[in-house]
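The structure appears below as structure tokens.
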Amino acid sequence: MRTVSAKLKHIGTSLSSSSRPYSLTPLASSHGKPRNPPSPTLLNEFVNFCYQRDLAKAMNAMAAMERHGIYADSITYSELIKCCLARNAVEQGKLVHKHVFSNGYQPKTFLINILISMYVKFKLLDEAQALFGQMPERNVVSWTTMISAYANAKLSDKALEFFVLMLREGVLPNMFTFSSVLRACNGLFNVRQLHCGMIKLGLESDVFVRSALIDVYSKLDELKDAICVFNEMETKDLVVWNSIIGGLAQNNDGDEALDQFKKMKRAGFTADQATLTSVLRACTGLALLEVGRQVHVHVLKFDVDLILNNALLDMYCKSGSLEDAKSVFERMVHKDVISWSTMIAGLAQNGFSQDALKLFDLMKASGIKPNYITILGVLFACSHAGLVDDGSYYFRSMKRLYGIDPGREHYGCIIDLLGRAGKVDEAVRLVQEMECEPDAVTWRTLLGASRVHHNVDLAIYAAKQVLKLDPEDAGTYVLLSNIYANSQRWEDVSEIRRQMREKGITKEPGCSWIEVNKQIHAFIVGDTAHPKINEINRRLNQLIHKLMGIGYVPDTNFVLQDLEGEQRDDSLWYHSEKLAIVFGLMSLSSGSVIRIRKNLRICGDCHTFTKLVAKMECRVIVIRDPIRYHHFQNGVCSCGDYW
DNA sequence: CTAGGGTTAG
């Protein structure tokens, strides 16, 4: 008990209820007199004003009552506080607080709880905590109010600390407490302990607790546990469905998210804003433009919902459909940093750098303050268009103009920009001067830069740094081995291969996806599984020979350009995107855009191939790789052959 | 009187 007291004192709490913790100045003249029971007439008038949410009249009525020596009781005070909350009247709220404690009146615990929750709703956590500390007795509600307030304010340690103190004081948590404290969990250990605790207390079947559990498990990357909690439920509500769909979508398991969404509809639930946002996110991850378009129809019901519109905007950007993205953006009544950042990054990634920078100016003109991610989009636009001066300017001034410290990602953009512009030395210098330690991604960026400019020594150095930090990175091994092979360093080649064998590293096969009739078709290098594979191969060969007739030369020597890491043999002819393109030509009507998503970067040969196909077949082809988008039209690509 | 789910990059 002593430790608890000490601890509570530390947080501004006195446990001794024998001392008089209240030292507020009495407001009424009848200080010290016992309170009269409320008079029915005056009191009725007062309560009526409260119900009408007429705060000024209610306060006057209360003063009039006090002049008659009549005081409000807990119930009426609580009505007055509701009135203050409805009017967002902070000062009057504080005044009511003083009245409650005037004349030596000892308010009931529940009234103090209401006052605390009022301060929490006004976001005055210090006031709430002070009042909490002065309470003679704290019940579950008092504790839960504080824990929930800290959890919402992202003060996780504080929330967990109060949870422990609550237990030590012998107050048992209820389902409200668990659903609040779970939101503050930052480690798996804590969650498991809490999970055990709620099972012990028989509270784990509550839907609120369950949805919080699902959410926290999936945020900690423990999807298995989240799914387990979800499947064990006999009755589910909409929020529980949203928790699992959101968890899956956020963990890049779009397929499973869409599957659960179907099940949810089959179970008779109607999607709300949160459901649709997660479903859109799942579509975004899978580049499911047509499914996303269908969802758009339902989004129209909630057309003022900012978050939902941001998700819709992103879906169109990431599916490479900039026309749709622009029209959503223009129609949005309210736009926040995320809306602008999404659109800027979307334009940049799709190769429309100038538009992205223009939009950035518009954003600033409209008074929205850019954040960390906005600047990333801006730098990405510069690096994409080779705008060295602009990029360097934005990079150097971001701290001064917007108060944002450049992070690893910002350095990455600039290293990329300098590298592409051939300023490899400057890029190296930047890596050396970074305040934050360069990580594998940084070195991989430098590797990319040195590769584009055939700087073999630097490429080898950067690749070795990558492998030091990320020893399982198959792509880098393959690349390094190819670089050695190109320099006839066969001993090094076999050493790399030995290391890969030893560590059991296999590279991810190249895979491309295309959506036809809202169905996803997946193609893997040298695929044989697709039902139409024979026809696809036949047509691909015809196409390649037709293209060779107009000057296409398959490029099998792409050692320093092999961003793809796929095999360097005949399978080049059958890189997954080539299969997907042919399938697209076969299955989509001649006017429609062929959109392909792939898991690896596109190689030089496929890039040339696609440009020629787009021209010969009069098609627009959009390929989204893990970093960039390529819009092929009339024999050119939006990336300017620079990726 | 206290509680759960959704958006930008990597």
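Naming: A, B, ... by sequence-line order, numbering from 1 per chain. Only a predicted model underlies this, so the values are computations on that prediction, with no experimental measurement involved.
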Please give, in whole Å, the distance from B:dT8 P to A:Met363 CE? 16 Å
Across the strands shown, which category fits A:Leu280 at heavy-atom distances under 4.0 angstrom: base, sugar-phosphate, nothing? nothing
Selection from B:dG4, B:dT2, B:dT7 that lies nearest to any side-chain heavy atom of A:Ser179: B:dG4
When you measure from the centre of the six-membered ring of A:Tyr402, is the NZ or CZ of A:Lys369 closer than 6.0 Å and no more than 45° off the axis? no
Nearest whole angstrom, please: distance from the P of B:dT2 to the CD1 of A:Ile112. 16 Å
Please state whether the rings of A:Phe380 and A:His384 are parallel, tilted or perpendicular, taking 30° and 60° as the class boundaries. tilted
When all nucleic acid strands are considered with a 4.0 Å heavy-atom cut-off, which category describes A:Lys236: base, sugar-phosphate, or nothing? nothing
Looking only at the side chain of A:Asp314 (C-beta and beyond, no hydrogens), which of the listed nucleotides B:dA9, B:dG6, B:dT2 gets closest? B:dA9
Would you call the rings of A:Tyr217 and A:His195 parallel, tilted or perpendicular, taking 30° and 60° as the class edges? tilted
Interatomic distance, A:Arg624 CZ vs B:dA9 C1' [rounded to whole Å]: 13 Å
Expressed as a whole number of angstroms, how long is the span from A:Lys301:NZ to B:dG6:C1'? 16 Å
What is the ring orientation for A:Tyr411 with A:Phe395, classed by angle as parallel under 30°, tilted 30 to 60°, or perpendicular over 60°? perpendicular
Between B:dT7, B:dC1, B:dA3, which one does the side chain of A:Ile307 approach most closely? B:dT7
Whole angstroms only, please: what is the OH-P distance between A:Tyr411 and B:dG10? 18 Å
Stacking here means centres under 5.5 Å and planes under 30°; does A:Phe110 stack on B:dC1? no
Verify whether the ring centers belonging to A:Trp241 and A:Phe261 lie closer than 6.0 Å. no
Those residues of residues 199-215 of chain A lying under 4.0 Å from DNA chain B by at least one heavy atom: A:Asp206, A:Val207, A:Phe208, A:Ser211, A:Asp215
What's the closest nucleotide to the A:Thr145 side chain, out of B:dT2, B:dT8, B:dG6? B:dT2
Regarding A:Thr342, tell me which of base, sugar-phosphate or nothing describes its non-hydrogen contacts under 4.0 Å with the strands shown. sugar-phosphate
Is the shortest distance from a Lys or Arg side-chain nitrogen in A:Lys399 or A:Asp405 to a carboxylate oxygen in the other one below 4.0 Å? yes
Consider the side chain of A:Gln250, meaning its heavy atoms from C-beta on, and name the nucleotide among B:dT2, B:dG4, B:dG6 that approaches it most closely. B:dG6
Provide, to the nearest angstrom, the distance between the CD1 atom belonging to A:Ile404 and the C1' atom belonging to B:dA9. 13 Å
What contact category does A:Arg408 fall into here, base, sugar-phosphate, or nothing, at under 4.0 angstrom with non-hydrogen atoms? nothing
What's the closest nucleotide to the side chain of A:Arg281 if the choices are B:dG10, B:dT8, B:dG6? B:dT8
Throw together a table of side-chain donor-acceptor distances under 3.5 angstrom for residues 325-341 of chain A, partners on residues two or more places apart or in other chains.
residue, atom, partner, partner atom, Å
A:Ser327, OG, A:Asp324, O, 3.4
A:Lys335, NZ, A:Phe329, O, 3.4
A:Lys335, NZ, A:Met332, O, 3.4
A:Asp336, OD1, A:Asn310, ND2, 3.3
A:Asp336, OD1, A:Ile338, N, 3.1
A:Asp336, OD1, A:Ser339, N, 3.0
A:Asp336, OD1, A:Ser339, OG, 2.8
A:Ser339, OG, A:Asn310, OD1, 2.7
A:Ser339, OG, A:Asp336, N, 2.9
A:Ser339, OG, A:Asp336, O, 3.4
A:Ser341, OG, A:Val337, O, 2.6
A:Ser341, OG, A:Thr374, OG1, 2.8

Donor + acceptor pair across side chains of A:Thr109, A:Asn139 (<3.5 Å): no
Hey, does A:Val240 reach any base, or is it just sugar-phosphate, or nothing, if we go heavy atoms under 4.0 Å? base
Looking at A:Lys219, does any N or O in its side chain come under 4.0 Å of the phosphate oxygens OP1/OP2 on B:dG6? yes
I need the CG-P distance between A:Asp336 and B:dG6, as an integer number of Å. 16 Å
Establish, with yes or no, whether the OP1 or OP2 oxygen of B:dA3 is under 4.0 angstrom from a side-chain nitrogen or oxygen of A:Ser148. yes
Under 4.0 Å between any heavy atoms, over every strand shown, what does A:Lys335 touch: base, sugar-phosphate, or nothing? Just pick one. nothing
Over how many whole Å does the gap from A:Lys121 atom NZ to B:dA3 atom C1' extend? 12 Å
Would you say the base of B:dG6 and the side-chain of A:Asp305 have a donor-acceptor pair closer than 3.5 Å? yes
Let's test your reading of the model: under 3.5 Å, does the base of B:dA3 pair with the side chain of A:Ser180 as donor and acceptor? no
Using a 3.5 Å cut-off and no angle test, enumerate the donor-acceptor pairs between side-chain atoms of residues 201-213 of chain A and protein atoms at least two apart in sequence or in another chain.
residue, atom, partner, partner atom, Å
A:Asp206, OD2, A:Phe208, N, 3.1
A:Asp206, OD2, A:Val209, N, 3.2
A:Arg210, NE, A:Glu204, O, 2.7
A:Arg210, NH1, A:Val229, O, 2.8
A:Ser211, OG, A:Val207, O, 3.0
A:Ser211, OG, A:Phe208, O, 3.0

Sugar-phosphate, base or nothing in reach of A:Lys108, heavy atoms under 4.0 Å: nothing
